[in-house]
A.B. asks: 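Below are the structure tokens for one structure; questions will follow.
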Amino acid sequence: MIDLKLIQKNPDVLARALAARHSTVDVAEFQALDATRRKLLAEVEALKGQRNTASAEVARLKRAGESADHMLAELGALSDRIKALDAETEQAKAKVEAWLLTVPNIPHESVPEGADEYGNVEVHRYGTPPVFDFPIKEHWELGTALGGLDFERGGKLAGSRFTVYWRWAARLERALVSFFLDVHTCEHDYVEIAPPLMVNRKTMTGTGQLPKFEEDLFRMEAWDYFLIPTAEVPLTNLHAGEVLDESALPLGYCAQTPCFRSEAGSYGKDTRGVIRQHQFTKVEMVRFAHPDDSYNQLELLRRNAETLLERLELPYRTIVLCTGDMGFGAAKTYDLEVWLPGQNTYREISSCSNCGDFQARRADIRFRPKGGKPAFVHTLNGSGLAVGRTLVAILENGQRKDGSVVLPKALRPYMGGLEAITPEMARTPTGPAGRLGR
RNA sequence: GGAGAGGUAGCGAAGCGGCCGUAACGCGCUCGACUCGAAAUCGAGUUAUCGGUUAAUAGCCGGUACGUGGGUUCGAAUCCCACCCUCUCCGCCA
């Protein structure tokens with residue numbers, strides 16, 4: 001949510017930001033709504049002031065043992081007028097708030113201007129795409145041939161965009177989760193959390209998924225609970241309505257959770273494989289930062305994610321999103337894109353954003369500066385990493401002529417020492433016990 | 001699901017129709033005194049938010065807020081109704 005005072009005083013700052021985002025939100029509409037609200041508020045507050053003065057007089061008379069009956073009829077009429085005007089003011093206020101909730105965040109000054117993804121700017125590149133001397137396969141071919149990814153049964157059990165992971169694939173997913181969380185909790189400064197996977201409407205509003213993007217979410221029909229689309233939602237809202245100690249900042253949380261997305265509007269995109277699923281596992285990092293420090297924290301967060309790809313020996317590049325391609329709540333976003341040989345391109349595997357005080361304002365997350373009034377913290381979030389897409393990258397980058405896939409060294413301890421996934425594993429009737437060690 | 005208790009400032013907690021929201025009392029925090037320094041002790045200060053005014057997130061004036069939403073009343077933290085959450089006991093359950 002944008003600061004109300006900022007819009008009142010500098011409406012053109014917001015108008016410029018919205019134009020840069022190619023947003024259609026109309027600032028003039030806000031100014032009209034807010035003028036109405038303030039006019040009504042001033043009126044009703046004046047009446048309430050009158051009532052308070054008169055009520056104090058009634059109290060004084062009664063205490064003195066005198067009659068106040070002559071005032072009561074008039075005060076009754078005043079109270080009725082206040083009640084009516086109060087309702088009107090409440091409506092005006094609700095309209096202003098509804099408008100504010102649909103306005104995206106203002107981009108940071110360092111964000112490049114651009115209309116769409118073609119305006120994004122590469123800022124970092126790591127590794128070299130591998131060269132193969134045989135016809136390479138896409139991850140769904142590899143995953144199916146090696147008996148790990150089962151799209152048919154995913155479709156049978158649930159529908160399209162669901163996949164069953166078997167044997168080595170199920171374990172590889174678990175290994176990645178453990179590896180990521182171990183790095184974040186032991187080498188970085190994150191506290192591991194296991195949050196609820198369903199949250200209420202207020203929580204979804206706090207991070208900005210609601211009210212605007214309800215069609216992207218899965219909702220329980222009977223309960224008004226929503227399945228989380230990312231752990232960013234519960235992790236950021238952990239401190240909703242709280243005033244944090246300044247000394248607690250910066251504060252980092254991480255969690256591995258399934259993420260649920262309706263993928264409405266993405267028909268025909270990434271229909272094969274596990275790139276775009278209704279349910280996928282992701283390790284998420286969330287940081288709460290002092291406003292003066294949040295852009296340093298964004299660089300740190302980005303490095304926390306990049307490190308994982310480097311340890312897995314996966315080539316990637318980092319881009320900064322332009323104004324037209326950024327998400328709703330972000331002030332600045334880095335995307336990490338991993339090299340996928342099968343697609344001959346870089347694909348998003350992590351998104352690291354500084355939301356400034358946008359979410360903190362919605363969710364009411366503050367800290368108390370030394371000797372000062374409570375102020376909003378800045379919130380940041382980033383994937384570290386999307387687990388399904390990491391599995392894709394490992395399969396495609398590690399493939400060999402004989403149909404096997406070599407595993408990154410960093411991951412082998414988490415796979416019982418296994419060095420490669422081989423075609424025989426697809427035929428192991430009782431699963432991985434013998435071949436994957438322990 | 002049944003019975004009971006409770007939700008008040010950063011935390012604990014008192015108040016149970018007007019003198020209580022600059023909210024008793026305690027803790028914490030800030031500043032000061034004492035001290036070589038610290039602890040202890042003593043003194044002072046410390047709710048948030050909205051509107052108006054303003055260069056000001058400084059003052060000043062006013063409104064609002066005691067879980068949330070309604071109701072009764074001239075006036076509600078206090079009385080009534082509904083809902084949410086927490087705790088204790090019982091039941092059920094992975």
Side-chain angles (χ1 to χ4, degrees), chain A residues 1-10 13 30-97 99-100 194-206 220 222-226 234 237-249 251 288 290-292 356-357 360-378:
Chain A
M1 196 152 66
I2 306 295
D3 184 6
L4 186 74
K5 292 226 167 69
L6 176 96
I7 315 176
Q8 288 168 348
K9 285 177 189 165
N10 300 305
V13 169
F30 163 82
Q31 290 175 306
L33 290 173
D34 190 50
T36 306
R37 176 187 70 94
R38 286 198 274 180
K39 181 172 155 285
L40 287 167
L41 192 59
E43 279 178 44
V44 76
E45 283 186 358
L47 293 181
K48 282 180 177 176
Q50 280 180 35
R51 182 178 68 184
N52 288 345
T53 312
S55 283
E57 177 65 6
V58 171
R60 194 191 63 79
L61 289 172
K62 292 216 166 173
R63 252 179 288 134
E66 296 174 35
S67 167
D69 291 355
H70 60 284
M71 300 181 67
L72 296 189
E74 199 184 321
L75 278 177
L78 182 61
S79 273
D80 288 345
R81 263 199 291 158
I82 288 173
K83 195 175 282 183
L85 202 52
D86 239 350
E88 221 180 310
T89 310
E90 192 51 49
Q91 278 185 8
K93 192 178 149 206
K95 279 183 193 166
V96 170
E97 269 167 18
W99 188 90
L100 281 173
L197 306 178
M198 287 185 250
V199 299
N200 59 32
R201 191 169 282 273
K202 187 177 178 186
T203 298
M204 280 294 181
T205 307
M220 304 291 112
W223 291 86
D224 211 33
Y225 289 152
F226 296 85
N237 280 287
L238 274 177
H239 293 300
E242 297 182 12
V243 179
L244 300 169
D245 222 24
E246 186 176 26
S247 62
L249 301 176
L251 182 60
F288 299 85
H290 192 287
D292 298 340
D357 65 5
R361 202 176 284 284
R362 287 176 163 244
D364 189 26
I365 309 166
R366 295 177 294 174
F367 72 101
R368 190 178 291 280
K370 208 176 176 76
K373 292 194 166 189
F376 291 111
V377 301
H378 283 191

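So you know, we letter chains A, B, ... as the sequences are listed, proteins then strands, and number each from 1. Keep in mind the model is a prediction, meaning the values are calculated, not measured.
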A.B. asks: For the pair made of CZ in A:Arg51 and C1' in B:U73, what is the distance, rounded to whole Å?
C.D. replies: 10 Å

A.B. asks: Quick one: stems involving RNA chain B, counted as three or more successive Watson-Crick or G-U pairs, both distances short of 3.5 Å.
C.D. replies: B:1-7 with B:84-90, B:10-12 with B:25-27, B:28-33 with B:41-46, B:47-53 with B:59-65, B:67-71 with B:79-83

A.B. asks: Which whole-number value in Å describes the distance from A:Glu90 CD to B:U68 P?
C.D. replies: 14 Å

A.B. asks: How close or far is atom P of B:G75 from atom NZ of A:Lys62, stated in whole angstroms?
C.D. replies: 11 Å

A.B. asks: Among B:G63, B:G10, B:C74, find the nucleotide with the atom closest to the side chain of A:Arg368.
C.D. replies: B:G10

A.B. asks: Which is more 5' along RNA chain B, the nucleotide nearest A:Pro374 or the one nearest A:Gly76? Just name the residue.
C.D. replies: A:Pro374

A.B. asks: B:G75 C1' sits how many Å from A:Gln50 CD, rounded?
C.D. replies: 15 Å

A.B. asks: Looking at A:Glu45 and A:Lys48, is there a salt bridge between them, counting it only when a charged N and a carboxylate O are closer than 4.0 Å?
C.D. replies: no

A.B. asks: Hey, which of A:Thr205, A:Thr203, A:Asn200, A:Ile365 is the one that makes side-chain contact (heavy atoms from CB on, under 4.5 Å) with A:Asn237?
C.D. replies: A:Thr203

A.B. asks: A:Asp364 has an atom CG; how far is it from atom C1' of B:G10, in whole Å?
C.D. replies: 14 Å

A.B. asks: Please tell me which of A:Met71 and A:Val243 maps to the more 5' nucleotide of RNA chain B, matching each residue to the nucleotide holding its nearest heavy atom.
C.D. replies: A:Val243

A.B. asks: Could you check how far CD of A:Glu242 sits from C1' of B:C85, rounded to whole Å?
C.D. replies: 15 Å

A.B. asks: Under 4.0 Å between a side-chain N/O of A:Ser79 and OP1 or OP2 of B:G75, yes or no?
C.D. replies: yes

A.B. asks: Grab the two heavy atoms, one from A:Leu72 and one from A:Val58, that are nearest each other, plus how far apart they are.
C.D. replies: CD2-CG2, 4.3 Å

A.B. asks: Can a side chain N or O of A:Asn52 be found less than 4.0 Å away from OP1 or OP2 on B:G63?
C.D. replies: yes

A.B. asks: Take atom P in B:C85 and the same atom in B:C27, then report the distance between them in whole Å.
C.D. replies: 35 Å

A.B. asks: Between B:G75 and A:Arg60, is there an OP1 or OP2 to side-chain N/O distance shorter than 4.0 Å?
C.D. replies: no

A.B. asks: Could you pull out the closest heavy-atom pair between A:Pro369 and A:Ala375, with the gap in Å?
C.D. replies: CD-N, 4.1 Å

A.B. asks: With heavy atoms under 4.0 Å as the rule, sort A:Lys83 into base, sugar-phosphate or nothing.
C.D. replies: sugar-phosphate

A.B. asks: When every nucleotide of nucleotides 50-57 of chain B is labelled 5' to 3' by its protein contacts under 4.0 Å (heavy atoms), B for base, S for sugar-phosphate only, - for none, what sequence of letters results?
C.D. replies: BSS----S

A.B. asks: Rounding to an integer number of angstrom, what distance separates B:U57 and B:U73 when you compare their C1' atoms?
C.D. replies: 38 Å

A.B. asks: Can you check the A:Leu75 CG to B:A76 P distance for me, whole Å?
C.D. replies: 12 Å

A.B. asks: How long is the line joining NZ of A:Lys202 and P of B:G67, in whole Å?
C.D. replies: 14 Å

A.B. asks: What is the minimum heavy-atom distance between A:Pro234 and A:Pro195, and which atoms define it?
C.D. replies: CB-CB, 3.6 Å

A.B. asks: Suppose we screen for ring-ring contact (aromatic ring centres under 6.0 Å, His included). Which residues come up paired with A:Phe376, at least two apart in sequence or across chains?
C.D. replies: none

A.B. asks: Can you tell me how far C1' in B:G4 sits from the matching atom in B:G91, rounded to whole Å?
C.D. replies: 15 Å

A.B. asks: Sub-3.5 Å donor-acceptor pair from the side chain of A:Asp3 to the main-chain atoms of A:Lys5, do we have one?
C.D. replies: yes

A.B. asks: Quote, to the nearest angstrom, the C1' distance that separates B:C16 from B:G6.
C.D. replies: 15 Å

